[in-house]
Amino acid sequence: ETLKVGMITTLSGGGAALGIDVRDGFMLAIKQAGADIEVIAQDDQRKPDIAVQLADKMVQSDKVDVLTGIIWSNLAIAVVPAVVQQGKFYLSPNAGPSLLAGERCHENYFNVAWQNDNLAEAAGGYANDAGYSNSFLLAPNYPAGRDMLTGYKRFYKGAVANEVYTKLGANEYAPEIAQIRASGADSVYFFLPGGMGIAFLKQYAQSGLDIPLVGPAFSFDQGILQAVGEAAMGVKNTSQWNKDIDNPTNKAFVESFQAEYGRLPSLYASQGFDTASLLISAMGKASVSDADAFRDALRAADFKSTRGDFAFAPNHHPIQDIYVREVIKEGDVYTNKIVGVAMTDHANAYIDDCQM
Amino acid sequence: MNREAAISLLIAAGLLAAPLLGNAFDEPFVITLATKVAILGLAGTGLNIALGYGGMVSLGHAAFFGLGGYVAGILASHALNYEPLFTAPLLVEGTTQMLIIWPVAIVVSGVAALVIGALSLRTTGVFFIMITLAFAQMVYYFAISWPAYGGEDGLSIYIRSEFPGLNTLNPLHFFAICYVLLILAIGFSFLLSQSRFGLALGGARQNAQRLATVGISPFRVKLTAFVISGMMAGLAGALYADLNRFVSPSMLSWHTSGEIMVFVILGGTRRLFGPAAGAALYIVLENTLGDVSEHWLLLLGALLVALVLFARGGVIGILAGQTRHA
Amino acid sequence: MTVSLIVEQLLNGLQFGFMLFLMAAGLTLIFGVMGLINLAHGSFYMIGAFACAAVAAATGSYWVGLAASLAAAAAAGALVEVAVIRRLYRRDHLDQVLATFALILVFSEGTRWVFGSFPLYLTVPDFLSGPVALPGGIDYPLFRFAIILIGLVIAVGLFLLIARTRLGIRIRAGESDREMIAALGVDIRKLYTTVFAIGAALAGLAGALVGTIQSVQVGMGEPVLILAFVVIIIGGLGSIVGALVSAILVGLADTLGRFLLPVAFDTFMDSSTANNVGSALASMLIYILMALVLFLRPTGLFGTRAH
Amino acid sequence: MPEPILQTEKLSKRFGAVVASDAVTLDLVAGEIHALIGPNGAGKSTVIKQVAGEIRQDSGSIRFAGRDIGRLDMVARARLGLARTFQVSSIAPEFSALQNVMLAVQSVERKTFRFLKPARSDTSLKEQAMSHLVRLLLDDRAEIRAGDLSHGEKRALEIAIALALRPKAFLLDEPMAGMGPENTAKLIEILDGLRTEAPILLVEHDMDAVFALADRISVIVYGRIIASGTPEQIRANEEVRRAYLGDEGHDGAA
Amino acid sequence: MTALLEVAGITAFYGTSQALFGVDLAVGEGEVVALMGRNGMGKTTTIRTICRMMPHREGRIAFAGRDLARLPSHRAAWLGLGLVPEGRRCFPTLTVRENLIAAARPGHWSVDRVVGLFPQLAERRNQKANTLSGGEQQMLAIGRALMTNPRLLILDEATEGLGPLIRREIWSVIAALKEAGLSILVVDKSLKELTAVAERCVILEKGTTCWSGASADLTPALTDRYLGV
Ligand SMILES: Nc1ncnc2c1ncn2[C@@H]1O[C@H](COP(=O)(O)OP(=O)(O)OP(=O)(O)O)[C@@H](O)[C@H]1O
Ligand SMILES: Nc1ncnc2c1ncn2[C@@H]1O[C@H](COP(=O)(O)OP(=O)(O)OP(=O)(O)O)[C@@H](O)[C@H]1O
Ligand SMILES: [Mg+2]
Ligand SMILES: [Mg+2]
C-alpha cells in the first residue's frame with residue numbers, strides 16, 4: 001500500500017535553499033525507485049511553532065506514517081519528541097542535536113545525516129593531522145554554535161588561542177578578524193552557517209590574513225560556494241559526503257540530480273536522497289503498519305548510501321567516514337574535492353546517554 | 001444591534017463552529033488552527049488595549065507573550081523532571097496545573113510590562129515603538145544565549161498542562177479553554193473601553209496634554225493599560241506554550257511582535273473582534289496559500305497590501321463601516 | 001592585548017559606524033525626514049544588492065552593477081510610493097506598518113522567485129581589493145576605507161539637501177502639514193515620490209556596497225531594517241548629523257562590546273561562563289544603548305521632534 | 001485686601017537669548033478677574049504655562065491655595081484646582097464634545113480608575129457634562145466629534161471643559177480668540193458671572209472684553225510687568241498706550 | 001467686468017455630513033470682500049473648497065477664468081491664490097525664514113519685505129515656528145502667504161490673537177495691498193474694521209449665502225439677525 005510521508009522543511013525565506021535541496025534529493029530517490037510513496041511537503045518558514053503545528057496537521061489530518069525534512073536543530077527539538085511519542089517514525093535528513101542523540105533518543109527516531117558534532121569532531125581530528133597546535137575558535141552564540149566548538153575540542157589536541165562567540169546572524173566580522181590577527185593562532189576553526197560564513201570568508205580574504213581556515217562543510221556547501229567565490233579557494237572543510245566520492249550510487253546520484261534539476265547537488269541533497277533510500281529499503285522489507293518490523297528494517301540500514309558504507313549506531317545515528325575536502329574551481333564552478341579522510345567509521349559521543 | 005455587533009457575533013460563532021465541524025468531519029487539524037486563532041487572538045486583544053485604545057504602538061509585546069510561554073515551559077519542565085525551581089529561601093516546585101501556571105504567567109508578564117512600560121512611556125510615537133522593541137530584543141537575545149532553558153533550541157514540555165475536570169490532551173477541550181479565555185478577554189476589553197477608565201485612556205491617546213490639564217495623569221492611565229495589555233499577552237503565551245508543548249526564543253522575536261501587531265491592524269484597531277478576525281484571516285491564508293504555490297508568501301504579501309489599500313479600518317472596518325466607539 | 005589591536009578595533013568600530021550610516025541613510029530620508037514608517041527599507045537594500053550582483057556578473061563591471069543598484073532600487077521605491085504609500089498619507093500611521101510589512105513578503109519572495117534560493121556572488125572589484133598597510137603595523141582592507149569615504153559623502157550630501165536646499169525645506173514642511181504646503185503651491189505628491197525614490201536608491205546603494213563584503217541573499221535586508229531604525233532613533237528624527245553620530249556610536253559600542261565584554265567578565269568569573277555572559281551581553285548591547293539614550297533623551301540625541 | 005489664592009513671585013524664564021518672563025510677580029484674589037495684557041510675544045502665555053506647570057520656571061516661586069506648587073507637575077496642579085485653557089485649542093479630537101467634557105467631570109469626581117462600569121450609563125456624569133455645554137451654546141453639538149467642530153466651536157468647548165473642572169482659579173489664555181461677536185458677548189457674560197465662583201487670570205487681546213471684565217489689569221512687555229492697576233489707571237498710562245494699546249482704550253471707553 | 005474669483009452654488013460635505021448648501025460669492029479684480037457669519041456657518045469650509053483643500057460637490061468655482069474643479073490644490077495656488085489659514089498652521093519644525101521661503105514665488109514680496117512689515121519676526125528669523133508666540137505665528141502665516149505673491153489673498157481670521165497695535169497695522173497693510181491692486185477675501189470677527197476696508201460683504205448662514213451686498217448697505221438689523229450683534 002502507499003506509504004504517506006510528511007515533509008516539514010524550510011521552503012521560503014532565507015534558509016529555503018537547504019530545504020529545497022533536501023526535498024529535491026528526497027523526491028529524486030523516490031522517483032528513481034518508482035516507490036509507492038506519497039509525499040506531503042510543507043513549509044515551516046523556519047519557525048518552530050509552525051513546524052509543530054505542521055507536524056500536528058500531518059499526523060492528525062493527513063495521517064502520515066513517517067515524518068522527515070526538518071533542517072534546523074531547534075525545530076527538530078520542538079517537533080521530534082512529540083511525533084515519535086505518537087508512534088510515528090521520524091527520519092532526520094539534516095539536524096542532529098545532541099539532545100535527540102542522547103537523553104531524548106527514541107526508537108522511532110533515525111538520523112540519516114549526522115549527529116551535529118560529527119563534522120566538528122572530524123575537523124578537530126583533521127587539525128591534529130595537519131599539525132595545528134594553536135587554534136582560534138569562532139561560532140555564533142547559540143546551542144549549535146557551542147556544540148560545534150565542543151565537538152572540535154573533543155578531538156583536537158592542541159591549545160586554544162581564543163574562543164569567540166558572535167551574535168547569531170552577524171554579518172560583520174572585522175572585530176573578530178582583528179582578534180585573530182592579534183591572537184598568534186596558527187589555525188582558525190569556525191562554524192558560521194549560511195550568510196554568516198559567506199560574509200566571514202569574504203572579509204577574511206580582504207583582510208590579508210593567511211592563517212589557514214578549517215570548518216565543517218556547512219559554509220562550503222555547493223549552493224553557498226558560488227557566492228563566496230575566490231575567497232574560499234583552498235579552504236579545508238569536513239564532510240561525510242562529496243560529489244567525487246567514488247561509488248556507483250553516488251555517481252548515478254550526482255548525474256541524475258544534475259540532469260533533473262540543472263544544478264550540482266549539495267550535501268543536503270545527498271542527505272535527502274539517502275533518507276529516501278533508507279525509507280524505500282525498509283518499505284521493501286516490512287509494512288509500516290507493523291512498527292516493530294519496520295523499525296528493524298530501518299535499523300538494518302540496508303540501502304546504498306551516496307557516501308558509501310553506512311550503518312546505525314545504537315542511538316540510531318550514522319556510523320560513517322568523514323572526509324576532508326578542499327575548495328577548488330572546476331571551470332567556472334567552485335566546488336570541493338576530497339583530499340583525505342578525517343575519520344573512519346565514526347559514530348558519536350552520546351551513545352551512552354541514550355536508553356531505548 | 002448595530003452592524004459591528006452582528007459581525008462580532010458571527011465571528012465568535014464561526015470560531016466556535018469551525019473546530020466542532022473539524023471534529024465531526026475528522027479533520028482534527030482544524031481544531032488546532034482554531035485554537036491557534038483563539039490564542040493569538042487573545043494576544044492581539046491584549047495588544048489592542050495598548051495599541052488601539054491607548055495609542056501605545058508597542059513592538060515589544062513578544063516579550064510578554066514569550067515570558068508567559070516561558071513561565072509555562074519552565075514550571076512544567078521542572079514538574080516533569082521533579083526538580084524544584086528554588087530550594088532557598090523556600091521550596092518552590094514546578095507545576096503542570098494551568099490554574100497555577102496562568103496566574104504566575106500573568107503576574108510575571110505584568111511585572112515585566114510594568115517595568116518596560118514605566119521606562120518606555122517617557123517617549124511617544126515612533127520612539128515608543130522602538131524602545132519597546134529594544135526591550136523585547138534584549139529579552140530575546142538573553143533567551144537565545146542563556147543555556148539553562150535550552151537557549152535557541154527552546155524548551156519542550158512534552159505533556160500539555162492540566163485543567164481540572166477537562167482532558168487538555170483532547171484538542172476540543174483545550175480549544176474550549178482557549179476560546180472561553182478569548183471571549184472573556186474581549187468582554188473585559190469591551191467593558192474597559194466603555195468605562196471611565198476607557199474614556200481617560202482614549203483621552204490619553206488623543207491628547208495627553210489635555211488629559212493632564214483636567215487633572216488625570218496620562219502616564220498612570222497609560223501604564224495601567226499597558227500592564228493589562230501585557231498580562232493578556234502573557235496569558236496567551238502560556239496557552240501557546242501548551243498548544244505547541246514547546247517554547248523557544250522565536251516566541252520572543254520581533255517577528256512575533258510584528259505578527260501580533262499585524263493581526264490587530266488587519267482585523268481593525270479598536271475593534272473588539274478585530275484581533276481575532278485578523279488572526280483568523282492571517283492563519284487561514286497562511287495555511288491555504290502554501291498549497292497554491294511555493295511562492296505563497298508573495299501571494300500573502302500582495303493580498304495584505306490589497307487589504308490595506310481597499311479595506312480601511314481592517315477587516316471589521318470594511319464589513320462594519322467606519323463608525324466605531326471612540 | 002596590544003595597543004595596535006585596540007587601535008584597530010577602534011578603526012573597526014568607526015568603519016562599522018559608517019557602514020551603519022550607509023545602511024540607514026535612505027531610511028533617514030524616508031522615515032526620519034518624511035516621517036513615513038517604511039518597514040520595506042530592507043527590501044530596497046536587498047534589491048540594490050541583487051541588482052548589483054546580477055548586473056556585475058552579466059557585464060563584468062562592478063561600476064555598472066552599482067549604477068544598476070541605484071536604478072533598480074529607485075524604480076522600486078517610486079513604484080511603491082505611487083502604488084501604495086501615496087494612498088496611505090491620510091490614514092493612520094499603522095496602515096503604513098501593515099502595508100510595508102506586506103511589501104517585505106512580496107519583495108523577498110519575488111526576489112527568490114527571480115534569482116532562486118542561493119546567495120549570489122558579488123565581490124570587491126580588483127582595484128579596491130586587498131589590505132593597505134597603516135602605520136603601527138595594521139593591515140586594513142581598502143574597500144572599508146572606500147565605505148567610510150562614501151558614507152561621508154552621502155552624509156554631507158544629505159545634510160546639505162535637507163538643511164540647505166529649498167527641496168529639503170519643502171520635504172520637512174510636508175512632513176508636518178502636507179495639506180498646507182500643497183495649498184501654498186507645492187506639488188507635494190511629486191516631491192514625495194521623488195524623495196522616496198532617492199531614499200530607496202540610497203538603500204539600494206548601501207545594499208550593493210555592503211553586500212559586496214557580506215552576502216547577497218534573500219532576507220539580507222531584515223537585520224538591516226532594525227539596525228537602521230535603531231540608528232535613526234538614537235540620533236533623533238530628522239537630524240542627519242544625529243544619524244551619523246549615532247551610527248558611529250552604535251558601531252563603536254557594538255565592536256568594542258563584542259571584543260571587550262568577554263575579556264572584562266573574564267576577570268571575575270571562569271572563562272567559559274565569562275565568554276557566554278560577555279557575548280550574550282554584547283549581542284544585547286545596541287538595544288541597551290538605545291533604551292538608555294531614549295530614557296535619558298526621549299527624542300533621541302539630536303532630536304527635537306516627538307513624532 | 002484678602003489673601004491671594006494665587007501668587008507668583010519673581011518668575012523668570014529664558015529661551016536662549018529671549019527673556020520670556022522676567023521677574024513676574026502677580027497675584028489673583030478671590031472674586032476678581034485679573035487681566036494680563038501685552039504685545040504679542042511679551043510673555044503672557046509663558047506666565048500661564050509656568051503657573052499651570054507646562055514649563056518649569058528658571059527661578060521664582062508660585063504659591064497656590066496656600067502651598068508652594070512650583071515643583072508640582074501639571075496633573076498635580078490641576079488637581080489642586082487650577083483650570084487652564086490653551087491659546088490653541090487642545091481637545092481630544094476623536095471624542096464627541098460631550099465626552100471631552102465628561103473627562104473633566106470624572107476627573108473632578110476622582111473616579112478615573114473604574115474599569116467595568118460603562119461611563120455612558122452614568123447619567124450624572126453625562127448630565128453634568130451636558131450642563132456645561134449648554135452654558136456655551138454647544139448643546140446641539142454635543143454628539144459631534146470634537147475634531148469636526150468649527151474653529152470657534154472648539155474654542156467654546158475648551159471653555160466648557162475648564163468650567164467643568166469647577167476649579168479654585170481659572171487661567172484663560174485668549175478665550176475670545178476665534179469666537180464670533182455673538183459668542184464673544186456671550187462669553188463675556190459667562191466670565192462675568194464666573195468670577196464669584198473662582199477668580200480668573202485672563203490673557204486677552206480683545207480690549208473690549210478686557211475693559212468690560214477686568215477688576216485689575218497688569219501689562220507685560222518683554223517679559224516684564226510694566227504696569228498694574230485698575231482699568232482706568234491702565235487706560236491712562238502713557239507707557240502702556242505706546243507699547244500696546246494705541247488709542248484702543250479710548251475706543252473701549254467710548 | 002468678470003470677477004477674479006467666482007463661486008456659484010457650491011455644496012460640500014465632510015464625509016456624509018453636509019457643511020455647505022449653496023454658497024455664492026464673487027471677488028472682483030482689486031476688490032476686497034468680507035466673508036461673514038457666526039461660528040460654524042461654513043466660512044472656513046468655503047475657503048477650503050476655493051483652495052481645493054477639499055472638493056465641492058455641486059456648483060462652480062472659477063478663478064481668473066479657469067474652472068478650479070479638477071485642479072489639485074497646488075495648481076490652484078499657482079494661479080495666484082494665497083492663503084492665510086485658520087489656526088495659522090505654520091510649519092512647526094521649520095524656522096521662520098524657512099517657513100517664508102518654503103513656498104515662495106517670485107514677485108514683490110521677499111523675506112526682507114516681510115520682516116520689514118513685521119519687525120518682530122526679524123529677530124526670530126532662525127527660531128523654530130513652534131516656539132513662537134501665538135501672535136508671532138499669526139504674523140508668520142500672513143508673511144508666508146504674501147511670499148507666494150498671490151493675485152487673491154485669502155485671510156481666514158488673520159488678526160486672531162494679535163494685539164491692538166499690530167492689528168491696526170495689519171488692517172492698514174490690507175488697505176495698502178488693496179491700493180496696490182491685490183484682491184482680498186477676508187474673514188474676521190471685527191465688523192468695524194471689516195466694513196471699513198471691504199467694498200462688499202457676503203454673509204453665510206448654515207452653509208448658504210444669505211445676504212450679500214455693499215458694505216454700506218449692511219444695516220444693524222442685518223448684523224443683528226445674522227451675526228448676533
Ligand atoms: N521654546 C521656546 N524657545 C524659544 N523662544 C520661545 C519659546 N517659547 C516662547 N518663546 C518666545 O518667548 C516669547 C514669549 O512668548 P509667549 O508665548 O509667552 O508670548 P505671548 O505674550 O503669549 O504672545 P501672544 O500674545 O502672541 O500669544 C516669544 O517671543 C516667543 O518667541
Ligand atoms: N473636518 C470636519 N469634519 C466634519 N465637519 C466639519 C469639519 N470641519 C468643520 N465641520 C463642520 O462644518 C460646519 C462649518 O464649519 P466651518 O469651519 O466652515 O465654520 P466657520 O464658519 O469657519 O466657523 P468659525 O467661525 O468657528 O471658524 C460646522 O458645523 C463644523 O462643525
Ligand atoms: Mg500667547
Ligand atoms: Mg472658520
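Throughout, protein chains are lettered first and strands after them, A, B, ... in sequence-line order, and every chain is numbered starting at 1.
- When each of E/Gly161, E/Ala19, E/Gly134 is scored by its heavy-atom pairs under 4.5 Å with chain D, the top score falls to E/Gly161.
- Between chain D and the options E/Ser190, E/Gly40, E/Gly42, E/Gly37, the largest number of non-hydrogen pairs under 4.5 Å is found for E/Gly40.
- Note: E/Glu86 leads E/Glu136, E/Glu157, E/Glu86, E/Gln137 in heavy-atom pairs under 4.5 Å with chain D.
- For D/Arg145, the CZ atom is densely surrounded, since the number of other residues' heavy atoms within 6.0 Å is greater than 12.
- A side chain to side chain contact (heavy atoms under 4.5 Å, CB included) with E/Glu160 holds for exactly one of D/Glu174, D/Gln87, D/His151, D/Met176; it is D/His151.
- Heavy-atom distances place the side chain of E/Met139, and not its backbone, under 4.5 Å from chain D.
- Here E/Asp224 contributes atom CG and D/Glu182 contributes atom CD; the two are 9.0 Å apart, rounded to the nearest 0.5 Å.
- Counting heavy atoms of neighbouring residues, nucleotides and ligands inside a 6.0 Å radius, atom CZ of E/Arg225 does not exceed 12 of them.
- Of the two parts of D/Thr184, only the side chain, counted from C-beta on, holds a non-hydrogen atom closer than 4.5 Å to a non-hydrogen atom of chain E.
- The residue among D/Ala243, D/Gly178, D/Pro39, D/Gly180 with the most heavy atom pairs within less than 4.5 Å of chain E is D/Gly178.
- The side-chain heavy atoms of D/Val18 and E/Glu123, taken from C-beta on, include no pair separated by under 4.5 Å.
- E/Leu162 touches chain D through backbone and side chain together, each having a heavy atom under 4.5 Å away.
- Using a 4.5 Å cut-off between heavy atoms, E/Gln127 contacts chain D through its side chain alone, with no backbone atom that close.
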